[in-house]
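As the structure is a prediction and not an experimental result, all values here were calculated from the model. Labels below follow one simple rule: chain letters A, B, ... track the order of the sequence lines, proteins then strands, and each chain is numbered from 1.
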Number of protein chains: 2
Amino acid sequence: MTTSIAHLGPPGTYTEAATLAYMNHLAIEKGSNSLCPYPNIAQTVYSLAQGKADLAVVPVENSIEGSVAITLDLLWKLDQLQIQQSLILPIRHTLISRSSTLETITIVYSHPQALAQCQQWLERFLPGVKLVPTNSTTEALHYLDEDHTAAAIASERAAQLYELPILASALNDYPDNCTRFLVLGKQPSTGGSHTSLAFSTPANVPGALVKPLQVFAERGINMSRIESRPTKRLLGEYLFFIDIEADASQAAVKTALEELASYTEILKIFGSYNVLSV
Amino acid sequence: MTTSIAHLGPPGTYTEAATLAYMNHLAIEKGSNSLCPYPNIAQTVYSLAQGKADLAVVPVENSIEGSVAITLDLLWKLDQLQIQQSLILPIRHTLISRSSTLETITIVYSHPQALAQCQQWLERFLPGVKLVPTNSTTEALHYLDEDHTAAAIASERAAQLYELPILASALNDYPDNCTRFLVLGKQPSTGGSHTSLAFSTPANVPGALVKPLQVFAERGINMSRIESRPTKRLLGEYLFFIDIEADASQAAVKTALEELASYTEILKIFGSYNVLSV
């Protein structure tokens, strides 16, 4: 049976690299699956929601730039999406160009997150060049053939894939640059080391967030992440996304989640899954 | 005395509109001040930190798209910045183009946040057009003269300022679209309705965030916002940004902040200020 895996594309993105590592981990042969690259995160996730793909791989968090807001917003908005796996991929940016020297570079294209992650390198080695945002790191490569004073920031793998020369390596301002990706599916997801959930609180009362957090703290359940997102109704109204280091199928965690439901307005559980460093 | 106010530019941005409303509120005459537009948020804030400007106005939060991460990161990174005022501005996007009809539009330029805020409108009225991110809504206007099949998303005021025709109005997917801006300065900021602070926690232990939040909950101090940002050291390590509805110069709030310091690793207070809807 062929599994169709949607991912943020085009080919050569870090998300594609994470997807290939995931397939390798599951010992899925490349031929028996179909990889479907989409031009943005929304289209990638909708392809799963609408049944065009069996799984969708999208970035959720970078260690330098933080959350990928659209991924959290889609998890909340689209029901029935479950996290099957979390993947952590090290990010190593390279400068790709048809130019043979930094001196002639006048413009650098890349995804805004990649530009932000190399800000200090750019200020030091390419001060005053024009920085132009693109929809993905791979899209940035499209500008290099027509303009030899242009450069793009993308992965080493992208340079190889599109047969483009690397002008400089190790551009990251922070060496421990990692991105975490989610493999989303519609199968119920149980029996993993981490559980993700999100909720809205009944009102903006003092301590509205304290009780939900106490539910876990009292049971010694570690919360590895909390992120707020606007409800999009009113400025100052938020949803809270929480990751706990626990399996929702365990009795104690089930009880905690039942208690949590009594303190929240809407509570959504996105499943229990394992984290894989690739 | 002339006050020099740096803001995210170029002229015509929503940030400039917020800056002008702030000057109007303070009954500062336009002539007695110098407005200094900068091409991005980092340069705007650095101009204040380096003493080139007396105040800096930057966006911090949008009701639809959430936090402006770079603003929070700079507040944490650069010491001595204090919030003098918070400004809330309604956002009303318009489609600006030299074309007289939607049918001939093939490409739309704007800031990624504006493109995201009009996603449903774009899918409905301009399906399949190319969406190109720019550094600001005003920068998007630069492409319209050379290409009559191009459109930009920016404010009505920007269209008037650059004498460009409005092709469609009320593009926002959500009607209650507001952006909150901060007026930053170096003067100690006291005596306002809201206080902003940020902290790192000693370790990723269960409940590391519960105690800091309890400090406020126990005293009936409402927390109007909590936002996490990566420490940029390791994936999974966070800073927490909190806004409370209280004045840090009041005795009870001072005691709360002293107690808070005992539960945090590094604690930074960004001042107490008032919120103005403009």
Over all heavy atoms of both residues, which pair between A/Arg229 and B/Glu65 is shortest? Give the atoms and the distance, please.
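Smallest heavy-atom distance, with atoms named: NH1-O, 3.0 Å.
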
For A/Lys232 and B/Ile64, which heavy atoms make the closest approach, and how far apart are they?
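Here A/Lys232 and B/Ile64 meet closest at NZ-O, 2.8 Å.
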
Is a side-chain donor or acceptor of B/Arg180 paired with a backbone partner of A/Leu235 at a separation under 3.5 angstrom?
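It does not hold such a pair.
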
Under 3.5 Å, side chain of A/Ser63 to main-chain N/O of B/Leu234, donor-acceptor pair present?
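No; judged by distance alone, with no hydrogens or angles, the pair does not exist.
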
Contact leader toward chain A among B/Pro133, B/Gly66, B/Pro175, where contacts are heavy-atom pairs under 4.5 Å
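Most heavy-atom pairs under 4.5 Å with chain A: B/Pro133.
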
When heavy-atom pairs shorter than 4.5 Å are enumerated against chain A, which of B/Ser228, B/Ala116, B/Cys178, B/Pro112 gives the highest number?
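The residue among B/Ser228, B/Ala116, B/Cys178, B/Pro112 with the greatest pair count is B/Ser228.
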
Within the 4.5 Å heavy-atom criterion, are A/Phe216 and B/Val210 side-chain neighbours or not?
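A/Phe216 does not reach B/Val210 side chain to side chain.
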
Measure the shortest side-chain to side-chain distance between B/Phe240 and A/Ile226 over non-hydrogen atoms and say whether it is less than 4.5 angstrom.
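Touching, per the 4.5 Å side-chain cut-off.
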
Non-hydrogen atoms of chain A under 4.5 Å away: do they reach the side chain of [X], the backbone, both or neither?
X: B/Leu131; answer: backbone
X: B/Arg233; answer: backbone
X: B/Asn62; answer: backbone

Within this structure, what is the CD-CG distance for the pair A/Glu237 and B/Asp176, rounded to the nearest 0.5 Å?
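So the gap between those two atoms works out to 10.0 Å.
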
What is the distance from atom CG of A/Asn135 to atom NZ of B/Lys130, rounded to the nearest 0.5 Å?
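Between A/Asn135 CG and B/Lys130 NZ, I get 8.0 Å after rounding to 0.5 Å.
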
Let me know if A/Ala42 has heavy atoms under 4.5 Å from chain B in its side chain, its backbone, both or neither.
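Only the side chain of A/Ala42 comes within 4.5 Å of chain B.
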
What residue, out of A/Arg219, A/Glu218, A/Glu61, has the most heavy-atom pairs lying under 4.5 Å from chain B?
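When all of A/Arg219, A/Glu218, A/Glu61 are compared, A/Glu61 has the most.
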
